[in-house]
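So the structure is just underneath, and the comments pick up after that.
Below, chains carry the letters A, B, ... as their sequence lines are ordered, and counting in each starts from 1. Reckoned from all heavy atoms, side chains included, excluding hydrogens, waters and symmetry mates.
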Number of protein chains: 2
Amino acid sequence: MAEKYIYNLKEGKGDQKLLLGGKGANLCQMVQSGLPVPPGFILTTEVCRKYMQDPTIMDKVWEGIKFSVQTLEKETGKGFNDKSNPLLVSVRSGAPISMPGMMETILNLGLNDETVEGLASVSANRRFAFDSYRRFIQMFSSVVDEVDADLFEKALTELKERLNVSFDYEVPADELEKLVAEYKKIYKTATGHDFPTDPWEQLRKAIEAVFKSWNIPRAVTYRRINKIADDLGTAVNVISMVYGNLGDDCGTGVCFTRDPSTGENKLYGEFLINAQGEDVVAGIRTPMPISQLEGAMPKIYKELCELTEQLEKSYREMQDIEFTIERGKLFLLQTRSGKRTAASAVKIAMDMVEEGLIDTKTAVSRVSPEQVEQLLHRQVDKDAPHEVLAVGLPASPGAGVGVLVFSADEAEEWAQEGKSVILARPETCPDDIHGLFAAAGVITSRGGMTSHAAVVARGMGKPAVCGCEEMVIDLEAETLTSRGKTYKKGDFVTVDGSLGRILVGQVPLIEATFSEDFKTLLSWADELARQEVWANADTPEDAARALDFGAKGIGLCRTEHMFMATDRLPIVQQLIVADDLKERLVALDKLKVIQQQDFLGIFKAMKGYPVIIRLLDPPLHEFMPKEPAILEELEGLKKAGKDDSKEAEDLRRKLAKVRQLHESNPMLGFRGCRLGMVYPEIYEMQINAILEAVADLTKENVKVSPEIMIPLVGTKEEMRFFREMADRLAQEVMERTGTKFHYLVGTMIELPRAAMVADQLAEHAQFFSFGTNDLTQTVFGYSRDDAEGKFLFQYIDKGVFKENPFSELDRDGVGGLMKIAVERGRKTTPELSVGICGEHGGNPSSIAFCCSIDMNYVSCSPFRVPVARLAAAHAALGLLK
Amino acid sequence: MAEKYIYNLKEGKGDQKLLLGGKGANLCQMVQSGLPVPPGFILTTEVCRKYMQDPTIMDKVWEGIKFSVQTLEKETGKGFNDKSNPLLVSVRSGAPISMPGMMETILNLGLNDETVEGLASVSANRRFAFDSYRRFIQMFSSVVDEVDADLFEKALTELKERLNVSFDYEVPADELEKLVAEYKKIYKTATGHDFPTDPWEQLRKAIEAVFKSWNIPRAVTYRRINKIADDLGTAVNVISMVYGNLGDDCGTGVCFTRDPSTGENKLYGEFLINAQGEDVVAGIRTPMPISQLEGAMPKIYKELCELTEQLEKSYREMQDIEFTIERGKLFLLQTRSGKRTAASAVKIAMDMVEEGLIDTKTAVSRVSPEQVEQLLHRQVDKDAPHEVLAVGLPASPGAGVGVLVFSADEAEEWAQEGKSVILARPETCPDDIHGLFAAAGVITSRGGMTSHAAVVARGMGKPAVCGCEEMVIDLEAETLTSRGKTYKKGDFVTVDGSLGRILVGQVPLIEATFSEDFKTLLSWADELARQEVWANADTPEDAARALDFGAKGIGLCRTEHMFMATDRLPIVQQLIVADDLKERLVALDKLKVIQQQDFLGIFKAMKGYPVIIRLLDPPLHEFMPKEPAILEELEGLKKAGKDDSKEAEDLRRKLAKVRQLHESNPMLGFRGCRLGMVYPEIYEMQINAILEAVADLTKENVKVSPEIMIPLVGTKEEMRFFREMADRLAQEVMERTGTKFHYLVGTMIELPRAAMVADQLAEHAQFFSFGTNDLTQTVFGYSRDDAEGKFLFQYIDKGVFKENPFSELDRDGVGGLMKIAVERGRKTTPELSVGICGEHGGNPSSIAFCCSIDMNYVSCSPFRVPVARLAAAHAALGLLK
């Protein structure tokens, strides 16, 4: 055999994950490091790949397997199919990339009616031997022959009922022996043949079953969702069994090298004397804290401390270790990087830098952008007592406490009365937006991580638990039933969106805090990142918050929000209904004074960092009342006999204007710089307000970096028109105020055409900012509101999309055009500054794409700035796909 | 002087148009061919280009000019500034590309108070001499010093009033002499200096003025509109004057080598004895037909016939020739390709092929696609007597007769009563569409060739005259006033859209006819073209018409029009309001039977040519009544006490559905294949109807080439889904019917994303068809209806666009994406068939673009097929930009 298909644990290397699987490579590394690991061997992923093509590969490797088992016999001093001292093995899958929940496991392989007696005799524990045997049969049947595990569980349950006992361990040995016989019958009925008694046959079938498990639908789906290649294949680990339940010099446990919850640097975990790994999990006996092992088995404890420390140093990472003590001998069964909370992740990373174990770059890589999201939200106080109401999907992180309501309208009403409410719905739709907006948290019984409720809640930064199927919502009765209890409208519940749990009553929450450690970590991240992180902010308050979160500029300051304020809206409406330029200029003069103050505030807050101000963007009708509202008011005046009043006259003017402004597709209509082309005086007012604010601050020696952004540009002529307008006005302002200042004029790239003619736009635009919300709409031809209400989630269900393209940037279409835009823009102006200000600017995967096309910065909502800073670093390190 | 800046007519070559200008090169060629042309010389365009950079170039060429004038003196036997026999010259501009109306001309240069006496004496006609002098002063003043020509006209008019005469020629010599003195005063007042008396100074100033005229705003605008390069420059032609008014052995005339109206091969034109060229134009004396020259001057006539025939043979093109006879000697002053009607263009091209003068390729190039449009419309009978009411822009070709109406509503009402109406508006807007649709023609007093009325009328194939500013429309009085007369509602008028004229009353029209010649010409065009021409047709009648016009397939058969028919709409609505799949299937079964018949009809009509059928595209709400209409009906039922009726129940269901289907941007909403993804049963029904029709015809041995087109595809998954659906259903139909047939499944490319992922789509799509209407909307982010109503025409006015991008394909944006789509699609499938079925498919410039990206076919409305066939040939010949 030219290729090496089988590796003894002594032969494999820790870096051969692709060949040996993650688990196998780790075991090999442990063995290489002199750690006590039960002897074993690994069939490589190469065998799996060949098996998929042609199962007869098994014939070729069979001799090698036999040889490897013989080696195991020598290493353990036991014999495979040896009736007196049988060698038993575990057979497990192990892919190159961790696929939690996809692991196939068969323990105790090698047992049959004869070897079981040997095991009973060696262990001096007949009950243990037959319990191991029945577990083996169940696992083998399920993994190899897909026999429904429930059939076995049912037989066991009936047995316990007959014996009138509650726990498995109360079933005596002779009854287990009978149960084994019954299990074999179940097997035969289900498969049509006898349970294989030959350990060699057992082994071969088990190995083949693991190979086949690579392509079961559940595994394929998992890989698709997690973007794992289908052709990796899985290795098979065949490891000799060790037992922690052969007496009081035995035991088993799990430990972490540091506290996974707080990050504290001390051995953390639990163990049981005379027990199997399963007993720790089953919760029958309460495990003891690992510290007590010192008293119980001082030598073992010392060895464990030394070994785990060695492991951590070797991996330079916090380890999660399974161990078993068999007759006074410590075996490490598995080690892997330990899962940890966000806070713990940060502390461990910082401590390890301090300890000299890792460098700052590695520290940054140890905290994921997703974990940072946890840090940004209030969380349920994990030390507070609580009762779980139901468990669902952790659809949107954070926590909220409030009273149950079952309709969006009621959520809004109660919230207006000052109540904190949790909106409970089977699922939500766009009509519920106002309710989602009013609620402190959302729970749904249907829908996944990309359901409407989940997407909207994440967008709003509100906690949500979705697809909580154990909970039944009765909208008519306005009740929620789960785990046998019914809750009604007004009952308090707590939503734990980070863990996907709904808790009964009001559980105390703890506020999000930014530790100094975390700030330091983010500063390291900034050094690694190739993109700056800016924020979208429309007010001085938002700007200050953004700065506090580490933003290096304002990527999008929307001026229309300033227009919407109640003291300004009447002036804006006056502007819109104006019949001629003269009348418009009267309204614009008033607005200019106000806008100038807005800009002064934001410029001051940003302390000299760049501020990109986008000129008026939405269609004018958004500033007007709706037609029915005007008609109703008019009707009211008519009834009051005031049909001839000035008020009625004004309303009729408004009505005419509203009708004139009506559009069939406002998204594609008279908005953005099209307004500025038809009514140049509006943009002139805005530019003057910006530049006069700049001039004021320049006089006061306050540093300002204003950038004027023209929205919805699609042609070179538009860009030229507004660049010339801005330059002309700037000249005038400088002359008028006797100041000199720097400013930039640039454009949003939010239309496919803008991307295509980016080289032409760059002749006049000094910077580009991708408006990926609109760009996604035009590239796909989706109106976001319509699409999400009508078909988008069906598309995700049907697999047309893996992610909602409004959440995660579509790389082929939208991204492809962005790439073209950057290339063409920089062909004209090599140093052109390019950023993104759409919602995607806060999404890690999208940030990775922005990094790949060499953007200068990403801009997102202030509260996502820390996520984006870390994501930008991860992108630069190649950690984000 | 290293470079040659001046060419005597004897030196230049006919192919040196870039250097000598079109006019100059032609004169040289005539001289080379031995034709009698007055002696002259040319300053090259190179001098003009240098002059633009640095006017001192004139110093360098001045010696050459003096030398050239001396040569002229030798050639003519006259002397420049010679008081007894003065040499007079004309100075004219002449660009490499004809710029009608941009020509600067100064005649009789060289006259002053002394040489005028010499001219009087040599001509023995004092009146003529002073009339020439005053004309010279006026032209020189206007061209060189921009003195308002009206000042001179006013002086002449006052003189005629004082003398109580009507015509210029009635003013005697002595009065003209006084007028010359007055003209000089006018000049001095306007310019502040004396009129130059030195002929050399006159000449230098005239030449410089011609160079400067290249950059006057009018010329720059003309070049921009006609896409002529700014750096061509103009040549200056200095030609010795000859006079046709020195006696009865003199004369002047214009002739065409063939009849420009019919194409008949005979000398056509008119002349005057003892007259100047201007007299022919001025209309004072009625010119005589050229045939009468034979009687008047037999020798000259014979010479003219020979020379013009020689010219035509030399140019292999019908010539438009100006000539003058000076004292029995014939001079040809100019020759150029003659303008001609469409019918004439076809006949001349065909005759010249017959005569062996040109090949078929040249024949095809001689008829422009725009001319073909003329042939496709009814025209005013040019032989019928008529009175012009007003003249405007020829906005949409063809002719229509009807009674005047002044509102769109009235147009519709009167048309429904069976009247033929002409809609007259100051301008039109989208609200007037129903009126435009109902009218036999449209006239507007405002707006240009791309105004709403013009664009819509061309789209509808209706005659329109726009921007007819001499006509005043009073909407309140419902009258139209022009040339002193007022016309009222109900008065008959005739619209001549081809020539941009409105005529009084009912003028006879002649039907469009396709001569056999024209059919032959188109068949030659087809051989030259690299694209087939297909047609968009939804009915068997349209399909038959398309075939008749030479279409080689149906590029777009829209199935929704079949849904709209009144007998089907109720079933479609039943489908839409259905609560579940079962109910939908009931409606779909009924529709299938009908659709199958539709397809049978079209397939039969197309006789085996390919037929591309697009599956359902518009949003479902387009098939439903509008909400107010339902509410009104419901109100009616309520009043009639039928609130509980089945009818009311149905209406309420419809209402609920209509509200549910409402979208904020339907253009970007739930339509196209998105319907087919959510309701696969609808597309399944359509595909089955198509394929069962195919099976039926296959059984009857009728040849069919069905192609199923999926609309609005944006992702690979969509394309795969429908391709698999079609393949599965085809398999079933073949098995069910026991037939075998060929079919294709492809997609529209009408979303930017589709273009970007064309390589992925081509994995499943067997053909692409560009839907450039929607693609233009999404690439620009324009909703066509909204844009054309709100800002698009302002954009064209402001120069953002040269053409409406919905009429002429935008090459940089939309075109750029099309190029990407073709390249990527053919990367996957090199032989991929690609076509266009948007409105641009019938636009010559857009067809040229389609040719440049190697499309397989263009598809347009049936009546535009001949235009497209010719355009495709012109595109292949590189004649279309």
Side-chain angles (χ1 to χ4, degrees), chain A residues 619 660-672 674-675 677-678 712 714-718 720-721 750-757 759-760 774-787 789-792 794-795 798-801 805 810 812-817 820 824, chain B residues 430 619 660-672 674-675 677-678 712 714-718 720-721 750-757 759-760 774-787 789-792 794-795 798-801 805 810 812-817 820:
Chain A
Q660 189 202 321
L661 289 173
H662 174 79
E663 293 182 307
S664 47
N665 295 289
M667 162 72 208
L668 304 176
F670 187 38
R671 48 175 288 246
R674 298 159 196 174
L675 297 170
M677 285 295 284
V678 174
L712 220 66
T715 65
K716 177 181 169 179
E717 290 303 318
E718 289 167 323
R720 184 163 64 119
F721 183 82
E750 51 188 335
L751 295 171
R753 194 174 193 280
M756 295 299 290
V757 300
D759 47 343
Q760 298 173 18
D774 273 17
L775 192 59
T776 301
Q777 298 197 77
T778 45
V779 168
F780 277 94
Y782 291 166
S783 164
R784 182 171 186 176
D785 295 341
D786 299 329
K790 299 275 190 320
F791 62 87
L792 196 58
Q794 290 216 43
Y795 263 46
K798 292 194 178 190
V800 176
F801 298 121
D810 157 54
D812 289 348
V814 179
L817 274 165
I820 287 175
R824 296 189 178 175
Chain B
Q660 190 202 319
L661 289 172
H662 174 80
E663 293 182 308
S664 47
N665 294 288
M667 162 71 208
L668 304 176
F670 187 37
R671 49 176 286 245
R674 298 160 195 174
L675 296 169
M677 284 296 283
V678 174
L712 219 68
T715 66
K716 177 183 170 179
E717 290 303 317
E718 289 167 324
R720 184 163 63 117
F721 183 82
E750 50 187 335
L751 294 171
R753 194 174 193 280
M756 294 299 290
V757 301
D759 46 344
Q760 298 173 21
D774 272 17
L775 194 58
T776 301
Q777 297 199 78
T778 46
V779 168
F780 277 95
Y782 292 166
S783 164
R784 183 171 184 175
D785 295 341
D786 299 329
K790 298 275 190 319
F791 62 86
L792 197 58
Q794 290 217 40
Y795 263 46
K798 291 193 179 192
V800 175
F801 298 122
D810 158 53
D812 288 348
V814 179
L817 274 164
I820 288 174

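Side-chain contact check for A:L751 versus B:F780: every heavy-atom pair is 4.5 Å or farther apart. Looking at A:F791 and B:V678, their side chains come closer than 4.5 Å, going by heavy atoms from C-beta outward. With contacts defined as side-chain heavy-atom distances shorter than 4.5 Å, the pair A:I820/B:I820 qualifies.
Of the atoms belonging to B:Q794, it is side-chain heavy atoms, and not backbone ones, that fall under 4.5 Å from chain A. For a residue to count as touching a neighbouring chain, one of its non-hydrogen atoms must lie under 4.5 Å from one of that chain's; by this rule A:L817 touches chain B with backbone and side chain alike. Of the atoms belonging to B:D810, it is side-chain heavy atoms, and not backbone ones, that fall under 4.5 Å from chain A. Contact of B:V779 with chain A is made through backbone and side chain together, with heavy-atom distances under 4.5 Å. Neither the backbone nor the side chain of A:E750 comes within less than 4.5 Å of any heavy atom of chain B. B:S664 touches chain A through backbone and side chain together, each having a heavy atom under 4.5 Å away.
With chain B as the partner, the residue from A:Q760, A:Q777, A:R720 showing the most heavy-atom pairs under 4.5 Å is A:Q760. Contact tally against chain B (heavy-atom pairs below 4.5 Å) for A:A754, A:G714, A:G781, A:G813: the top residue is A:G781. If you tally non-hydrogen atom pairs under 4.5 Å between each of B:R674, B:E717, B:M756 and chain A, the highest count goes to B:R674. Contact tally against chain A (heavy-atom pairs below 4.5 Å) for B:G816, B:A787, B:S783: the top residue is B:S783. Interface check for chain A: of the options B:G669, B:P666, B:G672, B:A755, the most heavy-atom pairs under 4.5 Å are formed by B:P666.
For B:N665 (side chain) and A:M667 (main-chain N/O), a donor-acceptor pair under 3.5 Å exists by modelled atom type. Without hydrogens or angle criteria, B:D786 side chain to A:E663 main chain gives no donor-acceptor distance under 3.5 Å.
Minimum interatomic distance between B:V800 and A:M677 (heavy atoms only, all atoms of both residues): CG2-CE, 3.3 Å. Contact record, B:R753 with A:D812: NH2-CB, 3.7 Å, taken as the closest heavy-atom pair.
A donor and an acceptor atom, one from each side chain of A:E718 and B:Y795, are located under 3.5 Å apart.
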